Amino acid sequence: MQVFKFGGASVKDADGVKNLTSVVELYKDKQLLIVISAMGKTTNALEDLVKSYFYHKDDTHQILDSIKEYHFNIISNLFKEKQQPVIDDISNSFVEIDWILEDEPHDDFDFVYDQIVSMGEVFSTKIVSAYLNLIGLKNKWIDARSYIQTDNTYREGKVDWELSAGLIAKDLPKVLQDQMIVTQGFIGGTSENFTTTLGREGSDYTAAIFAYSLDAENVTIWKDVPGVLNADPKWFDETQKLEQLSYLDAIELAYYGATVIHPKTIKPLQNKNIPLLVRSFISPQEQGTTISDTKALLDIPSFIFKINQVLISISPLDFSFIVEENLSDIFALFHDLGIKINTMHNSAISFSVSVDYDERKIPILIEALKSNFKVRYNDNLELITIRHYNQETVDRVLENKEILLEVKSRHTIQMVVKKV
Ligand code: ASP
Ligand code: MG
């Protein structure tokens with residue numbers, strides 16, 4: 001069997017859904033499990049909805065209405081008759097959100113976030129599943145929350161692999177014998193039947209969990225780019241497609257922030273030696289990139305670019321040295337707040353880190369650090385990582401940039417820079 005994952009960009013409108021079906025059509029004789037993300041920018045819109053509701057702003061219903069309109073517009077372009085059950089089905093799912101919004105918000109933001117933001121994947125999969133069935137691609141809609149079991153770390157659910165793999169392996173092979181499965185990326189469920197999410201862009205990870213549990217032949221991530229590129233075309237003019245990539249290089253690239261694959265996706269696939277294919281949903285006849293246990297070394301430099309970075313320098317108030325004890329307090333604080341460190345550097349009297357800016361978490365972090373340390377920070381920075389770098393590539397990216405922090409190893413250089 002094979003696992004396919006389609007991201008939000010592939011199903012951002014009715015044409016996207018139709019294109020998805022034409023890709024699936026090519027593989028209709030295979031056993032397929034299809035993981036789908038929320039449509040277009042729905043996850044961002046749902047995040048706005050949660051913030052508005054949680055902080056009692058007055059645009060809550062306006063945001064919800066525009067999310068509804070967006071989905072019903074896609075539905076009306078796909079289903080010509082007005083009597084389709086999917087219409088009631090999606091309406092009922094929106095009622096579930098209405099019910100949540102009627103009550104005072106639960107006091108845990110992350111909990112509220114997961115119950116609401118997860119609905120984006122519920123909508124997209126219901127629509128796609130109904131459309132595939134309508135055009136004769138028989139499939140069963142499965143609720144991922146019944147299979148991907150997590151703890152209750154909301155917004156970053158930790159998967160209980162044994163339990164999840166057991167549930168998946170017990171039920172799904174039978175289903176796959178006579179139809180495809182359509183299910184949601186990004187979402188899971190707790191033992192108390194609450195919904196969790198696996199972290200932004202987590203749908204790739206979901207695909208890996210199903211593939212691992214079902215011993216899939218391979219996983220294909222269908223994207224709007226021809227494969228894994230050595231740089232994001234959003235930031236770089238000249239990019240090259242990588243034909244073959246080892247699991248290790250792919251893990252490193254994803255870890256440093258290459259958005260093409262979610263960092264947690266690769267390890268489970270590597271453990272079972274399941275190849276991961278990254279292919280274009282626009283040209284499904286092309287090969288794309290194959291990530292496998294190849295010994296091939298990445299032979300061209302790869303660039304990863306992250307904006308919106310904050311560089312934080314932390315020193316003891318009494319000008320003493322930074323010692324292990326300080327570091328363990330500092331790490332504990334980052335961990336408690338769920339803030340991931342992108343780069344770090346330690347000197348005798350200060351410890352510097354760069355992290356993604358998060359309007360809610362960073363002010364809390366800085367306040368907390370200030371009670372024990374002297375804290376300086378600099379925002380609006382960029383983090384440039386080059387894997388397999390050389391001097392020429394470093395010079396190229398540093399044009400009009402000033403380096404604030406540089407961390408180098410044999411294969412990788414990271415630079416936190418400011419535009420000048
Ligand atoms: N819809 C989720 C997000 O936008 C998950 C995903 O797309 O992978 O983060
Ligand atoms: Mg996505």
Side-chain angles (χ1 to χ4, degrees), residues 3-13 16-17 20 33-51 63 66-67 70-71 74 90 93 97 109-110 112-129 142-145 147-148 150 153-159 182-189 195-211 219-225 228 232 234 250 254-255 257-269 276-279 281 306 308 338 340 356 358 360-361:
V3 175
F4 280 4
K5 181 260 174 172
F6 289 92
S10 68
V11 289
K12 68 176 191 308
D13 51 25
V17 176
L20 176 153
L33 181 142
I34 306 170
V35 172
I36 307 174
S37 305
M39 294 176 144
K41 302 267 179 256
T42 300
T43 305
N44 293 353
L46 287 164
E47 283 188 344
D48 291 342
L49 177 69
V50 173
K51 281 187 215 153
I63 300 174
S66 72
I67 299 171
Y70 169 68
H71 285 89
I74 294 177
I90 298 289
S93 305
I97 300 187
F109 180 90
D110 292 347
V112 177
Y113 177 105
D114 281 1
Q115 310 320 303
I116 294 179
V117 172
S118 54
M119 294 305 289
E121 270 67 12
V122 173
F123 304 144
S124 65
T125 50
K126 285 189 166 169
I127 295 170
V128 173
S129 167
I142 293 249
D143 193 328
R145 293 169 291 193
Y147 292 95
I148 308 287
T150 73
T153 315
Y154 295 102
R155 292 181 76 179
E156 199 65 57
K158 301 276 166 305
V159 174
V182 170
T183 194
Q184 310 77 45
F186 181 53
I187 71 177
T195 303
T196 48
T197 61
L198 309 177
R200 285 301 306 263
E201 302 301 327
S203 296
D204 296 352
Y205 184 41
T206 304
I209 300 167
F210 279 109
V219 176
T220 306
I221 299 184
W222 294 97
K223 307 224 29 139
D224 55 2
V225 286
V228 180
D232 186 338
K234 203 159 98 195
Y255 172 79
T259 51
V260 68
I261 313 156
H262 188 281
K264 288 186 190 162
T265 311
I266 302 178
K267 197 69 199 150
L269 299 179
L276 173 63
L277 318 177
V278 180
R279 301 177 59 186
F281 60 73
K306 279 175 141 244
N308 245 325
K340 185 178 163 280
D356 293 352
D358 177 311
R360 206 174 55 85
K361 292 177 177 174

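First listed ligand is number 1; within each ligand, the first listed atom is number 1. Everything numeric here is computed off the predicted structure, so don't read it as measured data. Quick note: numbers below take in every heavy atom, side chains included, and nothing from hydrogens, waters or symmetry partners.
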Close side-chain approach of Met39 to Val17, heavy-atom, < 4.5 Å: yes
Side-chain (Tyr154) to main-chain (Gln115) donor-acceptor, under 3.5 angstrom: no
Donor-acceptor contact present, side-chain Asp114 to main-chain Arg155, <3.5 Å: yes
Numbered atoms and elements of ligand 1 in range of Thr43, under 4.0 angstrom, heavy atoms: 1 (N), 2 (C), 3 (C), 4 (O)
Element-labelled atoms of ligand 1 that are located less than 4.0 Å from some non-hydrogen atom of Arg200: 3 (C), 4 (O), 9 (O)
Heavy-atom pair of closest approach, residues Asp143 and Thr183: C-OG1, 4.2 Å
Heteroatom distance test (Ser37, ligand 1): nitrogen or oxygen, under 3.5 angstrom: yes
Proximity flag Glu121 to ligand 1, non-hydrogen atoms under 4.0 Å: yes
Sub-4.0 Å heavy-atom approach of Gly8 to ligand 1: no
Test applied, side chain to side chain contact (heavy atoms under 4.5 Å, CB included); reference residue, Leu46; option that passes from Asp48, Val50, Thr42: Thr42
